[in-house]
Every structure is written in C-alpha cells, then in structure tokens.
Amino acid sequence: MTPIISLILVFITQIIGYIFFYSKGIKGWRYVLFVVLLLLCILVLPDYFIRLYRPKDGLDSARCGMVDLGVFLFFWMYGVSGVILTHVLFWLGYKIKESK
C-alpha cells in the first residue's frame, strides 16, 4: 500500500463515519473519530511507512533522514489538512442543512 492510498482510505473512513454518526444522531462521536484520524496521520502512518521504506533505500549506515522527512511532511501536510478540511466541510454542511 502506498502513502496516497492510505490517505484516501483515511478520508473515506472519515466521510463514512461522519455520515453514519449524523444519520444515527450521535454527532459527538465525530470528534472522537476526528482525533483518532489526526493521531493516525501524525503518529502512526508516517512511522509505518518509514519502517516499510527503510530496507528498500539501501542505506544500512548513517542516514541523512531526507526520506523520513519527506514521509512525515507528506502525512502532516496533506493528511492533517485533509482531515481538518473534511471535518470543517461536514460541519458547515450540517449547519446549512440544519438552518433550512
């Protein structure tokens, strides 16, 4: 699995979770899902892909860390901003739907 596919799965999980929580009327759980997905994008996924790609780069000696930095920045920039953007869009959509 590549990092972009894992981010797409995170966004799909968030959208399905929010739709489920809004349809069942348990809106408070969307914050739990939001925090879990943020922690997943900040802590879990970068570490997973760094360990996955480390044997493939052929550097068994001292490393400069540029590959690691790229993986962390990818998940921090695109993952976190995507999760926050999805959260805000669902919140705005719900507020607009609720006001009608």
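Nearest heavy atom pair, residue Leu33 against residue Gly17, reads CD2-CA, 3.8 Å. Across Phe11 and Gly79, no two heavy atoms sit closer than the pair CE2-O, 3.9 Å. Considering every non-hydrogen atom in both Phe74 and Pro3, the closest pair reads CE2-CB, 3.6 Å.
With sequence neighbours excluded, the residues that form a ring pair (Phe, Tyr, Trp, His ring centres under 6.0 Å) with Tyr18 are His87, Phe90. Partners of Tyr22 according to the ring pair (Phe, Tyr, Trp, His ring centres under 6.0 Å) rule, which considers only residues two or more places apart in sequence or in another chain, are Tyr94. For Ser99, the side chain to side chain contact (heavy atoms under 4.5 Å, CB included) criterion is met by no residue, not counting sequence neighbours. Scanning for ring pair (Phe, Tyr, Trp, His ring centres under 6.0 Å) contacts around Trp91 gives an empty result, with sequence neighbours left out. Scanning for side chain to side chain contact (heavy atoms under 4.5 Å, CB included) contacts around Leu43 gives Leu39, with sequence neighbours left out. Contacts of Lys24 classified as side chain to side chain contact (heavy atoms under 4.5 Å, CB included), with partners at least two apart in sequence or in another chain: Phe20, Ile26. Taking Ile12 as the reference, Ile8, Ile16 meet the side chain to side chain contact (heavy atoms under 4.5 Å, CB included) condition, with sequence neighbours excluded.
Listed by first then second residue, pairs satisfying salt bridge (Lys or Arg N to Asp or Glu O under 4.0 Å) with a partner in residues 40-49 read Asp47-Arg51, not counting sequence neighbours. Sorted pairs that involve residues 71-81 and meet side chain to side chain donor-acceptor pair (under 3.5 Å), not counting sequence neighbours, are lacking altogether.
No side-chain heavy atom of Leu45 sits less than 4.5 Å from a side-chain heavy atom of Val71.
Linking Ile, Leu, Val, Met, Phe, Trp and Tyr residues whenever their side-chain heavy atoms come within less than 4.5 Å places Ile15 and Leu38 in a single cluster. In terms of hydrophobic clustering, with Ile, Leu, Val, Met, Phe, Trp and Tyr side chains grouped at heavy-atom distances under 4.5 Å, Tyr31 and Val80 are assigned to different clusters. Note: the hydrophobic cluster containing Ile19 does not contain Ile96 (ILVMFWY, side chain heavy atoms under 4.5 Å, direct or indirect links).
Under a 4.5 Å side-chain heavy-atom criterion applied to ILVMFWY residues, the cluster that includes Leu85 comprises Leu89 as well.
Note: Met1 CE to Leu7 CG = 10.0 Å, rounded to the nearest 0.5 Å. With rounding to the nearest 0.5 angstrom, the OG1 atom of Thr2 is 6.5 Å from the CZ atom of Phe49. To the nearest 0.5 Å, the span separating CG on Leu37 from CD on Gln14 amounts to 5.5 Å.
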Phe72 and Ile50: CA distance, side-chain angles, deciding distance, side-chain contact (heavy atoms from CB on, under 4.5 Å) verdict: CA-CA 9 Å; Phe72 271 101; Ile50 286 172; 2.9 Å; yes
Derivation of the side-chain contact (heavy atoms from CB on, under 4.5 Å) call for Val83 and Leu40: CA-CA 10 Å; Val83 168; Leu40 186 74; over 6 Å; no
